Every structure is written in structure tokens, then in C-alpha cells.
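Hydrogens, waters and symmetry mates are skipped; everything else that's a heavy atom, side chains included, is used. Given the structure is predicted, the values throughout are model-derived calculations rather than measurements.
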Amino acid sequence: MSETLVRDQARPVTPLGILVEKLENILKMTQDATVRSEIADALKQAYQLAAGIDPYLEEVSTHESPALAALAKKTKEEPWSKRFSDKATVRQLEQEMLSGHLEGQTLKMFVYMSGAKNILEIGMFTGYSALAMAEALPEDGRVIACEVDEYVANFAASCFQESPHGSKISIEVAPALETLRKLSSAGESFDLVFIDADKKEYVDYFKLLLDNNLLAQNGFICVDNTLLQGQVYLPPDQQTPNGEAIAQFNRLVADDPRVEQVLLPLRDGLTIIRRV
């Protein structure tokens with residue numbers, strides 16, 4: 001190629017990111033093959049269209065707060081593979097698990113728009129999305145964040161201390177289903193729930209939220225990774241167990257008369273569910 005291809009060097013984990021990587025690889029192949037110029041030009045234009053979307057969205061969306069930027073930087077610099085090999089974490093973690101700027105800003109907007117005061121997060125990782133939502137809450141608002149890994153819970157808590165909004169967040173360290181049952185027994189109810197945890201348990205989370213009235217009347221559920229790298233609509237032989245689990249979850253939600261929903265192609269898929 002005559003020009004340098006520039007994109008985020010993190011491993012692509014969204015349908016768009018994977019598509020951009022594949023288009024880039026195809027373009028590189030055209031350097032070593034005899035390809036008609038109109039085909040090469042069409043491929044270049046397709047790459048430019050795909051590769052430019054996320055950077056442009058980042059550019060024109062409200063910038064993240066200094067506390068969120070610092071949390072993202074700290075997460076990126078953490079040696080997650082070493083932490084797992086040293087048995088500091090209970091599972092293999094990676095920086096790509098961070099919700100990030102665009103999704104964080106989207107969740108903030110949902111908090112503002114819905115007027116939510118009580119938020120439940122199922123699956124916290126290092127706390128980017130929890131802190132983003134907390135920034136949009138009034139002073140008496142709260143986020144209860146479920147996290148199974150004590151190491152990342154402490155990692156997130158240290159980041160929250162650097163933000164004036166961190167005091168709105170409390171962390172429950174336990175398997176998410178255990179925490180949900182405990183909250184249900186305590187009569188808790190939430191205006192907004194964000195799900196980003198074990199993909200094979202999404203169906204169980206959803207059922208508990210609705211069956212046990214953990215989701216308030218007229219409440220909303222936001223669910224991350226509902227496109228899961230495109231696996232949900234690719235042929236079955238290209239699905240991992242997680243991809244199959246998310247496909248089953250999406251169908252369950254679509255068939256449930258208690259809710260209405262829309263799946264947005266934001267990052268790796270974000271489904272907005274409203275209780276009706």
C-alpha cells in the first residue's frame with residue numbers, strides 16, 4: 001500500500017474491529033498479487049470507510065473525564081497475564097475487557113435520560129463503566145457493582161478513590177448470581193442494570209432480574225457483548241460456546257413479552273431492554 005494504515009493496536013474484539021483487520025490484511029495481499037486497479041481501489045475505499053468509524057466517533061463524542069482516562073491507562077498498563085499466572089486473579093483477564101470511552105459515554109447518557117438513581121452492574125472488571133455511570137448520578141445516587149475477582153475489585157476501588165464520584169459505588173465481591181439472590185432477598189430494586197459478566201449466565205441474570213423484581217417497573221437493562229464479535233449471526237461452526245450462549249440470550253429476550261428491546265451495533269453490541 002502506498003499509505004500507512006493506522007488503527008488501534010489492541011486485539012480487535014468487535015465485529016467492526018475484526019472487519020477492519022481482515023480488510024487490512026486483504027489490502028496487504030494485493031501488494032503481492034496481480035489485482036485489477038479498480039478492485040484494489042474498491043478494497044481501499046472499503047477499508048477507509050470501516051477503519052474511520054470508531055476514531056471519528058471518539059473524536060466527536062464528549063471526552064472522558066480525567067478519572068476515567070486515568071483508569072483506562074492503568075488498566076492498559078497492568079500485566080494481566082502475569083497476574084493470572086501468579087494466581088492473583090481467578091481467571092485470565094485482558095485490557096480489551098474494558099468498556100471504554102464510547103460505551104462509557106453512552107451509559108452516562110442513559111443514566112441522565114432515564115433519571116436513574118439506583119444502578120446495578122453485573123460484572124465490573126476495573127470499574128470504567130461503573131465510574132462512568134456514577135458520574136451521571138445525583139449525589140444521593142448509587143451503583144452496586146458485582147465482581148467475582150477480588151484483585152480487580154481492589155484495583156477498581158483504588159481508581160474510584162481518585163474520583164469525586166467514586167463514593168457512589170459499592171462493590172460486592174462474589175459470584176454474580178449469589179449477589180443477585182442476596183439483593184433480591186433484601187428487597188432491592190434497580191432503575192438501571194448493566195450486564196457485562198459471564199456470557200453463559202446472561203439468561204440466568206435476565207430471569208432473576210425480572211422474576212424477582214430486581215428490575216424496577218419501567219426500569220432498563222443494558223447488556224454488553226450482544227453481538228460477540230459477530231458470532232451470533234455467523235454460521236454455527238464459527239460460534240464459540242460464549243457466542244452460542246449470547247445467541248440464545250438474544251432470542252430469549254426477543255421472545256419475552258415482558259420487555260421490548262433494541263440491539264445497537266455499538267462496539268461489540270449493546271442491547272437496551274425496557275420492562276413493559
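- Contact annotation: the side chain of Gln92 approaches that of Ser81 to within less than 4.5 Å [non-hydrogen atoms, C-beta and beyond].
- The hydrophobic clustering, which links ILVMFWY residues whose side-chain heavy atoms are closer than 4.5 Å, places Leu43 and Val20 together.
- A salt bridge is absent between Lys182 and Glu178: the closest approach of a Lys/Arg side-chain nitrogen to an acidic carboxylate oxygen does not fall below 4.0 angstrom.
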Derivation and outcome, side-chain contact (heavy atoms from CB on, under 4.5 Å), residues Val253 and Phe206: CA-CA 8 Å; Val253 173; Phe206 178 75; 4.0 Å; yes
side-chain hydrogen bond (donor to acceptor under 3.5 Å, both in side chains) between Lys199 and Tyr202, worked out: CA-CA 5 Å; Lys199 311 313 170 195; Tyr202 271 26; 3.0 Å; yes
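- Note on Leu16: it does not cluster hydrophobically with Val232, by side-chain heavy-atom contacts below 4.5 Å among ILVMFWY residues.
- With values rounded to the nearest 0.5 angstrom, Asn154 atom CG is found 7.5 Å from Ile171 atom CD1.
- Within the 4.5 Å cutoff, side-chain heavy atoms of Leu107 are placed close to those of Cys222.
- A salt bridge between Glu24 and Lys28 is present, with a side-chain N of the basic residue lying under 4.0 Å from a carboxylate O of the acidic one.
- By the salt bridge (charged side-chain N to carboxylate O under 4.0 Å, His left out) test, Glu94 pairs with Arg11, sequence neighbours left out.
- Around the CD atom of Glu150, the shell of radius 6.0 Å holds no more than 12 heavy atoms that belong to other residues, nucleotides or ligands.
- Here the closest heavy-atom approach between residue Leu209 and residue Ile221 is recorded as CD1-CD1, 3.9 Å.
- We find the CG-CG distance between Asn250 and Leu263 to be 5.5 Å, quoted to the nearest 0.5 Å.
- Between Lys82 and Asp86, at least one side-chain nitrogen of the basic residue sits less than 4.0 Å from a carboxylate oxygen of the acidic one, meeting the salt-bridge criterion.
- Between Asp54 and Arg267 there is a salt bridge, since a side-chain N of the basic residue sits under 4.0 Å from a carboxylate O of the acidic one.
- Side-chain contact check for Lys207 versus Val203: some heavy-atom pair is nearer than 4.5 Å.
- Under 4.0 Å is where a charged nitrogen must lie from a carboxylate oxygen, and between Arg142 and Glu188 at least one such pair does.
- Of the charged side-chain nitrogens involved, at least one lies within less than 4.0 Å of a carboxylate oxygen, so that Glu147 and Arg91 count as a salt-bridged pair.
- Considering Leu120, Asn118, Val193 as possible partners of Ile144, the one that fulfils the side chain to side chain contact (heavy atoms under 4.5 Å, CB included) test is Leu120.
- Residue pairs satisfying the side chain to side chain donor-acceptor pair (under 3.5 Å) criterion with at least one member in residues 103-112, sequence neighbours excluded, are listed as follows: Lys108-Glu135.
- If you chain together hydrophobic residues whose side chains sit under 4.5 Å apart, Tyr205 and Phe125 never meet in one group.
- Counting only distance, with no hydrogens or angles, the side chain of Trp80 and the backbone of Thr89 share no donor-acceptor pair below 3.5 Å.
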Lys73/Glu77 under salt bridge (charged side-chain N to carboxylate O under 4.0 Å, His left out): CA gap, chis, key distance, verdict: CA-CA 6 Å; Lys73 182 174 184 290; Glu77 294 172 347; 2.7 Å; yes
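- Side-chain atoms of Lys200 do not come within 3.5 Å of backbone N or O of Pro241 as any donor-acceptor pair.
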Candidate pair Phe220 and Phe194, rule side-chain contact (heavy atoms from CB on, under 4.5 Å), full reasoning: CA-CA 9 Å; Phe220 289 86; Phe194 179 50; over 6 Å; no
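- Hydrophobic clustering (ILVMFWY, side-chain heavy atoms < 4.5 Å, transitive): Ile246 and Leu266 are in distinct clusters.
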Verdict with reasoning, Asp191 to Lys117, per salt bridge (charged side-chain N to carboxylate O under 4.0 Å, His left out): CA-CA 7 Å; Asp191 310 311; Lys117 292 183 66 175; over 6 Å; no
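- Annotation: side chain of Leu71 is in contact with side chain of Leu131 (closest heavy-atom distance under 4.5 Å).
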Phe155 vs Asp149, side-chain contact (heavy atoms from CB on, under 4.5 Å): CA-CA, chis, key distance, verdict: CA-CA 10 Å; Phe155 183 105; Asp149 195 305; over 6 Å; no
Working for side-chain hydrogen bond (donor to acceptor under 3.5 Å, both in side chains), residues Tyr233 and Gln239: CA-CA 9 Å; Tyr233 55 81; Gln239 285 185 348; over 6 Å; no
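- Partner of Arg275 under the side chain to side chain donor-acceptor pair (under 3.5 Å) criterion, chosen from Asp256, Asn218, Asn213: Asn213.
- Between Leu227 and Thr14, the closest side-chain pair of non-hydrogen atoms is not below 4.5 Å.
- Using a 3.5 Å distance cut-off with no hydrogens or angles, the side chains of Asn212 and Ser184 do pair a donor with an acceptor.
- The shortest distance between side-chain heavy atoms of Asp204 and Leu208 does not fall below 4.5 Å.
- Looking only at distances, a side-chain donor or acceptor of Lys168 sits under 3.5 Å from a matching main-chain atom of Ala134.
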Audit row: Lys74, Ser158, side-chain hydrogen bond (donor to acceptor under 3.5 Å, both in side chains) steps and yes/no: CA-CA 11 Å; Lys74 186 176 178 182; Ser158 68; 3.0 Å; yes
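- Only one option out of Glu58, Glu64, His63 pairs with His101 in a side chain to side chain donor-acceptor pair (under 3.5 Å); it is Glu58.
- Linking ILVMFWY residues whenever their side-chain heavy atoms come closer than 4.5 Å, directly or via other members, places Leu102 and Leu270 in the same cluster.
- Among all heavy-atom pairs drawn from Gly104 and Ala132, the shortest one is O-CB, 3.7 Å.
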Derivation and outcome, side-chain contact (heavy atoms from CB on, under 4.5 Å), residues Asp196 and Ser129: CA-CA 10 Å; Asp196 185 14; Ser129 51; 5.6 Å; no
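- Of the charged side-chain nitrogens involved, none lies within less than 4.0 Å of a carboxylate oxygen, so that Arg258 and Asp255 do not count as a salt-bridged pair.
- From Leu98, atom CG reaches atom OG1 of Thr126 across 4.5 Å, with rounding to the nearest 0.5 Å.
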